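In this text, all values refer to a predicted model and were calculated from it rather than measured experimentally. What you see below is based on every heavy atom in this structure, not just the backbone, and it leaves out hydrogens, waters and symmetry mates. Every number for a ligand or one of its atoms is a count from 1 in the order of the listing.
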Amino acid sequence: MEKSVAITKEQIEHYQETGLLLIPELFSQAEIAEIKAVVDDLSHKNTPGCILEKDNKTVRALHGCHQYSDTFKSLIRYPRLLTPACEMLGSDVYIYQLKINLKGAFNGDVWPWHQDYVFWDEEDGMPSPQAINIAIFLDEFNEFNGPVYFIPGSHKQSLTHLGQKESANTENVWESNVSAALKYSLDQETVTKLVNQQGIVAPKGPAGSVLFFHSNSVHGSAPNISPYPRRLLIITYNSINNIPRSTKAPRPEFLVSRDYTPLKPLREAALV
Ligand code: SIN
Ligand code: MN
């Protein structure tokens, strides 16, 4: 049975207020199993955009899989993702980025506190944060396996990150945009102040749950020392009215898609 794609006025308001919207089990367990089989297969191949953890063994993340995998080419056009993305951004959208953060059992490492938009602005020249992340839980997210922490309401602020001022003179190494030693991160004072005002949430739920989060929502995650993997697929849609300016050192296509064709919804069918 196809899931309804209608998103309510209350859900949109909640997203606008907190920068977050969790929809439990938007994907069935069978659909998630198919996606995971593809992820598993890709993580054993040396695909472009694959990055390892510091141990040089554990796969940390895969990027740009929609550029070569039929499963992901279809998934980004699924109405249950695409329709709400267009509604939330108020325009047609194209795919900006797709990544899978694997956060492996025992070895999945930290994501320092940050806002995503600072990367897209500094590295890619994105004019405004008119982009949205849709994160699909490929495993259960629980208190043990390094769920993502968010500061609700933080998306309303544009914050200065460590590394931002120095970045003009540094070499552009794409791995520093996605490694545990993240190029831009927030200092402890900023995070403390925000958390004292607004608290922290860690959205949890069964595999198949979907979290919409704003491109300026402050987030990060702790290492996964549990025996449970915590795979997260994040699709970023950008408004077609928010095309990045060209930059001197363009990041690889697997990190920043430059096909600005508006996505049209597919009739949902079996993923593969
Ligand atoms: C995570 O996968 O824990 C963090 C995701 C992100 O920063 O985009
Ligand atoms: Mn992020």
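Among the atoms of His219, some N or O lies under 3.5 angstrom from an N or O of ligand 1. At least one N or O atom of Arg230 sits closer than 3.5 Å to an N or O atom of ligand 1.
Within the protein, the number of N/O/S atoms found under 2.8 Å from the Mn ion (ligand 2) is 3.
Among protein heavy atoms, atom 5 (C) of ligand 1 sits closest to Asn101 ND2, 3.3 Å. Protein heavy atom at the shortest distance from atom 4 (C) of ligand 1 is Trp111 CG, 3.5 Å.
We find that Asp124 and Arg251 are joined by a salt bridge, their nearest charged nitrogen and carboxylate oxygen being less than 4.0 Å apart. Of the charged side-chain nitrogens involved, none lies within less than 4.0 Å of a carboxylate oxygen, so that Glu189 and Lys193 do not count as a salt-bridged pair. A salt bridge is defined here as a Lys NZ or Arg NE, NH1 or NH2 lying under 4.0 Å from an Asp or Glu carboxylate O, and Lys103 with Glu53 fails to meet this definition.
Note that the CG atom of Asn242 and the OG atom of Ser128 stand 3.5 Å from one another [nearest 0.5 Å].
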Q: Evaluate side chain to side chain donor-acceptor pair (under 3.5 Å) for His66 paired with Ser257, printing each intermediate quantity in order.
A: CA-CA 10 Å; His66 63 293; Ser257 299; 2.9 Å; yes
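For ligand 1, the atoms lying closer than 4.0 Å to a non-hydrogen atom of Val148 are 1 (C), 3 (O). Contact atoms of ligand 1 toward Ser221: 1 (C), 3 (O) (distance under 4.0 Å to a heavy atom of the residue). Counting atoms of ligand 1 from 1 in the listed order, those under 4.0 Å from a heavy atom of His114 are 7 (O).
Close placement of the Tyr184 and Phe119 rings is indicated, their centers lying within 6.0 Å of each other.
Listed for the Gln67 side chain is a donor-acceptor partner under 3.5 Å among the backbone atoms of Glu253.
Counting heavy atoms under 4.0 Å from ligand 1, residue Ile234 touches it through the side chain alone.
Scored by the side-chain contact (heavy atoms from CB on, under 4.5 Å) test, Asn133 finds Asp116, Trp120, Phe213, Ile234, Thr236 as partners (sequence neighbours excluded). Annotation: side-chain contact (heavy atoms from CB on, under 4.5 Å) contacts of Leu162 (sequence neighbours excluded): Ser185, Asp187.
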Sequence neighbours excluded and cut-off under 3.5 Å, please list the side-chain donor-acceptor pairs for residues 194-207, or say none.
{"from": "Asn196", "atom 1": "ND2", "to": "Thr192", "atom 2": "O", "distance (Å)": "3.4"}
{"from": "Gln198", "atom 1": "NE2", "to": "Pro152", "atom 2": "O", "distance (Å)": "3.1"}

